[in-house]
Amino acid sequence: MASPYSTGGGGTHFEARVAASCLTAVLCETAVRGLPGDFAKEVQTQRAAFGDPLDDIIVKGVHQDGRETQLDLQTKSKLTFTENDEEWIATLKQAWDTFSKTSFKPDVQRFGVGIATYNARVDQHYQSVLTWASHSTSGLHFRERIEKGDYSHRDKQTFVTTVRNVIKQHAAREIEDDELWHFLASFVIIHFDFELDDQSRDTSASIERIREMLSPDALSSARSIWDHLIAKAGEMIPVGGGATRS
């Protein structure tokens, strides 16, 4: 079994900041984008050796009714979301393996990818596909919406076809409409803009969350706490570590 460091990128700039933003949410008991429920309570990293295919970052949270929620996230600098994109193909296969686990609970679990580079098609079309899936009443209803020419854009149709083809080949069988519908309803694509440094909305949001937890005379330390959490994430990732609020 390869070490988490060699398989996980060794705590890269982007992955460490995504993990740090999740640690901030755990520390402040607030939400994480893509995570169902009320707030995050634990972050784990590099879990492939323990049976978690999407292993970069796993966030566990709490639902308002007390159930545990979970988000399994793979981090990528850039994806084209096409059948020629090897990293996208690998992510889809890992996502299907996550979805196919007997322990997967679609009402309280999500999985997907966190991307560093903005992709206009994601916002204009792919996010709509995921939203349509979550708001469809059946696999047939979802398919009708996607395939209707004057209602659905070609980029939406191509995205769904790519997903179906990849998981069909990976599963070595036909994928039923209901399976594809449930899979896409549980999938998330999250853009984190940490590469923009001081212009990053995600950096600002994390620092502001920390400031809200501090007393008035300690507000100036929010940035240094954020830097500490980045360093903490950088230490966790190479060794497959994790952290709770305590």
Side-chain angles (χ1 to χ4, degrees), residues 15 18-75 91-115 126-139 141-142 163 167 171 175-192 202 205-206 209-210 212-213 229 232-233 236-237 240-246:
E15 185 177 345
V18 174
S21 70
C22 296
L23 290 174
T24 300
V26 170
L27 178 65
C28 301
E29 294 186 317
T30 55
V32 168
R33 279 185 289 157
L35 176 70
D38 290 348
F39 61 88
K41 69 173 188 177
E42 182 177 355
V43 177
Q44 298 176 343
T45 65
Q46 301 301 321
R47 295 282 301 173
F50 301 94
D52 296 310
L54 291 165
D55 69 320
D56 281 350
I57 299 171
I58 294 177
V59 186
K60 295 185 178 182
V62 176
H63 196 275
Q64 60 184 4
D65 60 11
R67 289 180 297 167
E68 182 177 274
T69 65
Q70 184 166 314
L71 171 65
D72 295 41
L73 205 62
Q74 207 73 3
T75 57
T91 298
L92 281 177
K93 291 177 179 179
Q94 292 167 307
W96 181 257
D97 290 342
T98 300
F99 174 74
S100 300
K101 293 170 69 173
T102 56
S103 60
F104 182 76
K105 300 175 181 178
D107 54 338
V108 292
Q109 290 183 244
R110 296 292 181 271
F111 51 80
V113 62
I115 55 175
Y126 307 158
Q127 296 288 15
S128 294
V129 168
L130 305 181
T131 300
W132 287 6
S134 65
H135 290 283
S136 293
T137 57
S138 68
H141 180 216
F142 173 68
V163 173
I167 60 179
I175 304 301
E176 300 293 331
D177 287 345
D178 275 2
E179 290 180 294
L180 184 63
W181 163 49
H182 284 300
F183 175 79
L184 289 172
S186 299
F187 200 96
V188 299
I189 303 173
I190 306 172
H191 172 230
F192 295 94
D202 288 303
S206 295
R209 281 181 168 180
I210 295 169
E212 291 174 356
M213 298 290 291
L229 292 175
K232 175 68 175 178
M236 286 169 39
I237 292 169
T244 63
R245 190 173 192 270
S246 59

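When reading the values below, keep in mind they use all heavy atoms of this one structure, side chains included, and skip hydrogens, waters and symmetry mates.
No side-chain heavy atom of D202 sits under 4.5 Å from any side-chain heavy atom of S21. Looking only at side-chain heavy atoms (C-beta outward), H182 and P106 stay at 4.5 Å or farther from each other. Residues V59 and L73 have side chains not in contact (no heavy-atom distance under 4.5 Å, counting atoms from C-beta outward). The side-chain heavy atoms of D56 and Q46, taken from C-beta on, include a pair separated by under 4.5 Å.
Among residues two or more places apart in sequence or in another chain, the ring pair (Phe, Tyr, Trp, His ring centres under 6.0 Å) test is passed with H191 by Y118. Scored by the side chain to side chain contact (heavy atoms under 4.5 Å, CB included) test, S136 finds H141, F142, R145, W181 as partners (sequence neighbours excluded). The side chain to side chain contact (heavy atoms under 4.5 Å, CB included) search around D97 returns P53, H170, not counting sequence neighbours. In this structure W96 satisfies the ring pair (Phe, Tyr, Trp, His ring centres under 6.0 Å) test together with F99, F183, sequence neighbours excluded.
In terms of heavy-atom proximity, K232 sits nearest to L23 at CG-CD1, 4.1 Å. When all heavy atoms of L54 and Q94 are compared, the pair lying nearest together is CD2-CB, 3.6 Å. Taking both residues in full, the closest heavy atoms of S134 and T131 are given as OG-O, 2.8 Å, listed atom of the first, atom of the second, then distance. Of all the heavy atoms in A133 and A185, the pair that sits closest is CB-N, 3.6 Å. The minimum heavy-atom distance between I167 and L92, with the atom names listed, is CG2-O, 4.3 Å. Here the shortest heavy-atom pairing between T45 and I237 reads OG1-CA, 3.7 Å.
No hydrogens or angles considered: nothing links the side chains of R209 and T24 as a donor-acceptor pair under 3.5 Å.
Between K101 and D72, none of the side-chain N atoms (NZ, or NE/NH1/NH2) sits under 4.0 Å from a carboxylate O, so this pair counts as no salt bridge.
Pairs of residues two or more places apart, or lying in two chains, that qualify as side chain to side chain donor-acceptor pair (under 3.5 Å) and include a residue from residues 103-114 are R67-D107.
Put simply, CD1 on I115 and OG1 on T91 are 11.0 Å apart, with the number rounded to the nearest 0.5 Å. Here the NZ-SG distance, from K60 to C22, works out to 14.0 Å after rounding to the nearest 0.5 Å. The OG atom of S206 lies 8.5 Å from the CG atom of L229; values are rounded to the nearest 0.5 Å.
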If you look only at distance, which donor and acceptor atoms sit under 3.5 Å apart when one is on a side chain in residues 34-42 and the other is two or more places apart or in another chain?
unit_1 : atom_1 : unit_2 : atom_2 : d
K41    : NZ     : E68    : OE1    : 3.3
E42    : OE2    : Q44    : NE2    : 3.0

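Using a distance-only test at 3.5 Å, with no hydrogens or angles considered, a donor-acceptor pair links the side chain of D178 to the main chain of G139.
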